[in-house]
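Below: the structure, in structure tokens.
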Amino acid sequence: MATTWHVLGAGSLGTLWATRLARAGVPVRLILRDAARLKAYEAAGGLTLVEHGQARQYPVPAETPDNPAPIQRLLVACKAYDAEQAVAQLASRLAPGAELILLQNGLGSQDAVAAVVAQARCIHASSTEGAFRDGDWRVVFAGHGFTWLGDASHPVAPIWLDDLKDAGIPHEWSTDILTRLWRKLALNCAINPLTVLHDCRNGGLQEHHCEVAILCGELTELLERCGQPAAAQDLQQEVERVIHATAANYSSMYQDVNNRRRTEISYLLGYACKVATRHQLNLPHLNQLQQRLIVRLQSLGLPSD
Ligand code: NAD
Ligand code: KPL
């Protein structure tokens with residue numbers, strides 16, 4: 001019998017994955033926070049995915065964390081700051097040989113999760129797909145993209161990648177997933193905080209070329225010191241390319257701030273600054289950027305961690 005995908009977190013990415021897997025006939029179950037959320041979900045009748053302007057509802061079954069059934073495969077689709085605690089409450093349900101797929105952006109949350117489920121295999125993911133919620137249990141598929149998956153401690157690809165193929169989720173197994181995550185983190189550190197501080201779209205950073213270049217220099221130093229030279233390669237050119245290619249877009253951090261949501265700062269810029277300190281690397285502009293961002297978040301009444 002096919003293994004069930006348990007999806008922890010029915011937000012944007014969780015819904016995007018759950019609906020496409022369910023549509024392909026793959027068994028999926030959502031894990032919702034509590035009985036109240038489960039009741040609200042059941043009243044809604046399922047998850048709705050809006051794709052190419054067409055809305056379609058999928059009655060994916062759901063449960064609460066205290067359901068006793070064992071979990072073999074868990075897609076962790078919470079924000080980075082929620083992942084450790086959300087997974088910890090399921091630790092006793094994980095079957096021997098269980099696998100977790102971690103969709104969180106940035107770095108730091110993956111290690112925190114792995115520490116609470118030492119017996120399970122943790123697979124990291126880095127995704128350029130884009131989705132947002134436009135109502136309760138309703139998600140718009142906004143940007144087609146790609147997802148890289150990998151396991152830094154075990155290079156062999158799992159057989160369930162076939163489920164992703166059947167579900168039409170574009171993906172590739174990566175033997176250098178940490179390089180990909182570091183590269184994405186560096187891009188996010190060079191772009192996202194500045195879009196918040198300058199209150200602009202990504203393209204607005206073309207007017208702050210020097211500031212971006214100085215940050216890229218420090219991020220390159222950091223990546224090299226962390227043993228990630230491939231992630232450091234031509235970083236500034238890549239950052240400039242992304243700024244140009246996504247000029248009309250607002251960065252994800254800008255959108256979080258604009259929607260008065262908590263950001264993932266601690267797993268992006270905060271993580272970079274913490275690792276630099278651990279390596280006794282002095283990166284004044286990166287540290288100053290973090291301080292400026294914290295002050296801005298606090299002035300807006302948003303969490304700064
Ligand atoms: P989201 O806020 O839309 O969804 C997270 C969901 O997790 C929410 O529904 C929340 O209620 C739920 N959750 C939190 N704690 C829970 C718990 N203890 N039990 C059950 N549910 C719980 O977030 P998202 O946009 O889907 O982002 C998830 C991760 O994916 C983030 O790290 C984000 O950076 C990354 N990501 C998102 C996108 C995107 O387009 N949305 C793209 C790439 C990467
Ligand atoms: O990933 C991004 C984001 O907005 O989070 C990009 C577009 C690369 C900007 O950093």
Side-chain angles (χ1 to χ4, degrees), residues 6-18 29-38 40-41 47 62-67 74-90 101-110 113 124-148 181 183-196 200-205 212 215 219 238-259 261-269:
H6 282 85
V7 176
L8 178 59
S12 305
L13 273 202
T15 298
L16 192 56
W17 279 62
R29 288 185 72 82
L30 300 174
I31 301 178
L32 304 177
R33 276 178 197 273
D34 52 33
R37 290 294 286 160
L38 180 59
Y41 173 73
L47 294 175
E63 62 189 45
T64 51
D66 58 3
N67 183 308
L74 182 67
L75 180 73
V76 182
C78 310
K79 293 284 196 187
Y81 46 76
D82 282 328
E84 177 186 358
Q85 194 248 322
V87 169
Q89 65 183 343
L90 298 175
I101 300 102
L102 309 177
L103 288 179
Q104 287 60 49
N105 203 8
L107 282 164
S109 71
Q110 299 89 345
V113 166
H124 297 22
S126 177
S127 181
T128 61
E129 292 197 309
F132 64 88
R133 283 181 281 173
D134 76 339
D136 242 6
W137 318 112
R138 202 181 136 98
V139 164
V140 179
F141 194 174
H144 289 260
F146 204 82
T147 302
W148 286 269
L181 287 165
R183 179 77 163 189
K184 176 100 189 312
L185 178 138
L187 281 167
N188 287 160
C189 287
I191 297 174
N192 299 13
L194 286 180
T195 62
V196 173
C200 67
R201 294 175 197 261
N202 292 353
L205 299 185
V212 171
L215 289 175
L219 286 161
E238 171 84 347
V239 166
E240 283 167 4
R241 190 195 63 73
V242 171
I243 287 174
H244 185 74
T246 63
N249 298 356
Y250 286 108
S251 75
S252 54
M253 187 178 276
Y254 182 101
Q255 292 178 47
D256 282 341
V257 171
N258 204 37
N259 290 311
R261 285 191 302 246
R262 182 176 172 185
T263 69
E264 295 182 302
I265 176 177
S266 298
Y267 303 88
L268 298 165
L269 186 55

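Remember, predicted model here, so these are calculated numbers, not experimental data. First listed ligand is number 1; within each ligand, the first listed atom is number 1.
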Item to check | Contact (N/O only, under 3.5 Å) between Ser12 and ligand 1 | outcome: yes
Checklist outcome for this item: By ring-ring contact (aromatic ring centres under 6.0 Å, His included), Phe146 pairs with (sequence neighbours left out) Trp148
Next on the checklist: I'd like to check which ligand 1 atoms, numbered from 1 as shown, lie under 4.0 Å from a non-hydrogen atom of Gly9.
Outcome noted: 6 (C), 7 (O), 12 (C), 21 (N)
Checklist entry - For Thr246 and ligand 2, does the shortest N/O to N/O distance drop below 3.5 Å? => result no
Item to check | Considering all heavy atoms, the nearest Trp137-Ala10 contact | outcome: CZ3-CB, 4.1 Å
Next on the checklist: Test your reading of the model: is there a side-chain donor-acceptor pair from Glu264 to the backbone of Ala80, 3.5 Å cut-off?
Outcome noted: yes
Checklist entry - Where does Pro65 meet ligand 1, judged by heavy-atom distances below 4.0 Å: at the side chain, the backbone, both, or neither? => result neither
Checklist outcome for this item: Logged contact type for Arg133 with ligand 1, heavy-atom cut-off 4.0 Å, is side chain
Checklist entry - Would Leu107 and Tyr267 count as a side chain to side chain contact (heavy atoms under 4.5 Å, CB included) if you check the C-alpha gap in whole Å, the side-chain angles of each, and the deciding distance to 0.1 Å? => result CA-CA 5 Å; Leu107 282 164; Tyr267 303 88; over 6 Å; no
Checklist entry - If you measure from CG on Leu181 to OG on Ser126, what distance do you get to the nearest 0.5 Å? => result 5.0 Å
Checklist entry - Given the rule in the side chain to side chain donor-acceptor pair (under 3.5 Å) test, do Thr246 and Asn202 qualify, once you have shown the distances and angles that lead to the verdict? => result CA-CA 6 Å; Thr246 63; Asn202 292 353; 2.9 Å; yes
Checklist entry - Which residue holds the protein heavy atom closest to atom 23 (O) of ligand 1, what is that atom called, and what is the gap in Å? => result Lys79 CE, 3.5 Å
Checklist entry - Mind checking whether Gln89 has a heavy atom under 4.0 Å from ligand 1? => result yes
Checklist entry - ligand 2 and Asn192, any nitrogen or oxygen pair closer than 3.5 angstrom? => result yes
Checklist entry - Is there side-chain contact between Gln255 and Thr263, with heavy atoms separated by less than 4.5 Å? => result no
Item to check | Sidechain-backbone polar pair: Arg201 side chain, Ala248 backbone, donor-acceptor under 3.5 Å | outcome: yes
Item to check | Under 3.5 Å: donor-acceptor pair, side chain of Glu84, backbone of Gln110 | outcome: no
Checklist entry - What atoms in ligand 2 come closer than 4.0 Å to a heavy atom of Ile191? => result 9 (C), 10 (O)
Next on the checklist: Using a 3.5 Å cut-off on N or O atoms only, is Leu32 in polar contact with ligand 1?
Outcome noted: no
Next on the checklist: Show me which atoms of ligand 2 lie under 4.0 Å from any heavy atom of Ser251.
Outcome noted: 4 (O)
Checklist entry - Does any N/O atom on Tyr250 come nearer than 3.5 Å to any N/O atom on ligand 2? => result no
Item to check | Atom indices of ligand 1, in the order listed, that fall short of 4.0 Å to a heavy atom of Ala86 | outcome: 17 (C), 18 (N)
Next on the checklist: Within the 4.0 Å heavy-atom shell around Ile31, which atoms of ligand 1 are there?
Outcome noted: 20 (C)
Checklist entry - Who's closest to atom 43 (C) of ligand 1 heavy-atom-wise, of Ala142, Gly14, Ser127, Ser252? => result Ser127
Next on the checklist: Side chain or backbone, does Gly130 bring an N or O within less than 3.5 Å of an N or O on ligand 1?
Outcome noted: no
Item to check | Steps toward side chain to side chain contact (heavy atoms under 4.5 Å, CB included) verdict (Asn192, Ser252) | outcome: CA-CA 7 Å; Asn192 299 13; Ser252 54; 3.4 Å; yes
Next on the checklist: Below 4.0 Å, non-hydrogen atoms only: which portion of Ser109 touches ligand 1? Side chain, backbone, both or neither.
Outcome noted: neither
Checklist outcome for this item: Logged contact type for Leu103 with ligand 1, heavy-atom cut-off 4.0 Å, is backbone
Checklist entry - Among protein heavy atoms, which lies nearest atom 4 (O) of ligand 1, and at what distance? => result Gly11 CA, 3.2 Å
Item to check | Per-atom contacts, ligand 2 versus Asn188 - under 4.0 Å to a heavy atom | outcome: 1 (O), 2 (C), 3 (C), 5 (O), 6 (C), 8 (C), 9 (C), 10 (O)
Checklist entry - How far is atom 40 (O) of ligand 1 from its nearest protein heavy atom, and which residue and atom is that? => result Ala131 N, 2.9 Å
Item to check | Main-chain N/O of Ser127 paired with Glu129 side-chain donor or acceptor, under 3.5 Å | outcome: no
Checklist outcome for this item: Contact region, Leu8 to ligand 1, non-hydrogen atoms below 4.0 Å, reads side chain
Next on the checklist: I'd like to check Tyr41 versus Asp136 (side-chain heavy atoms, cut-off strictly below 4.5 Å). Are they in contact?
Outcome noted: no
Checklist entry - Closest non-hydrogen protein atom to atom 4 (O) of ligand 2, residue and atom name please, with distance? => result Ser252 N, 2.8 Å
Checklist outcome for this item: The protein heavy atom nearest to atom 5 (C) of ligand 1 is Ala77 O, 3.5 Å
Next on the checklist: Assess the residue pair Thr195 and Leu205 against the criterion (side chain to side chain contact (heavy atoms under 4.5 Å, CB included)); give the C-alpha distance rounded to whole Å, side-chain angles, the decisive distance to 0.1 Å, and a yes or no.
Outcome noted: CA-CA 7 Å; Thr195 62; Leu205 299 185; 3.9 Å; yes
Checklist entry - Within 45° of the axis and under 6.0 Å from the centre of the six-membered ring of Tyr81, does NZ or CZ of Arg262 qualify? => result yes
Item to check | Closest protein heavy atom to atom 7 (C) of ligand 2, given as residue, atom name and distance to 0.1 Å | outcome: Asn202 ND2, 3.9 Å
Checklist entry - Which protein non-hydrogen atom lies closest to atom 29 (C) of ligand 1, naming both residue and atom, and how far is it? => result Cys78 O, 3.5 Å
Item to check | Lys184 near ligand 2 by a heavy-atom separation under 4.0 Å | outcome: yes
Checklist outcome for this item: shortest atom 13 (N) of ligand 1-to-protein heavy-atom contact is with Arg33 NH2, 3.7 Å
Next on the checklist: Quick one: does any side-chain atom of Thr15 pair with a main-chain N or O of Ser12 as donor and acceptor, under 3.5 Å?
Outcome noted: no
Item to check | atom 36 (N) of ligand 1: the protein heavy-atom neighbour that sits closest, reported with distance to 0.1 Å | outcome: Leu13 CD1, 3.6 Å
Item to check | Glu129: numbered ligand 1 atoms lying under 4.0 Å from its heavy atoms | outcome: 40 (O), 42 (C), 43 (C)
Checklist entry - Between Asn259 and Arg261, is there a donor-acceptor pair closer than 3.5 Å when you use the side chain of the first and the backbone of the second? => result no
Checklist entry - Applying a 4.0 Å heavy-atom criterion (strictly less than), which segment of Val242 is in contact with ligand 2: side chain, backbone, both, or neither? => result side chain
Item to check | Pairing residues for Glu63 by the salt bridge (Lys or Arg N to Asp or Glu O under 4.0 Å) criterion, not counting sequence neighbours | outcome: Arg29, Arg93
Checklist entry - Who gets closest to atom 33 (C) of ligand 1 by heavy atom: Glu264, Gln255, Gln104? => result Glu264
Item to check | side chain to side chain contact (heavy atoms under 4.5 Å, CB included) between Trp17 and Thr147, worked out | outcome: CA-CA 11 Å; Trp17 279 62; Thr147 302; 4.0 Å; yes
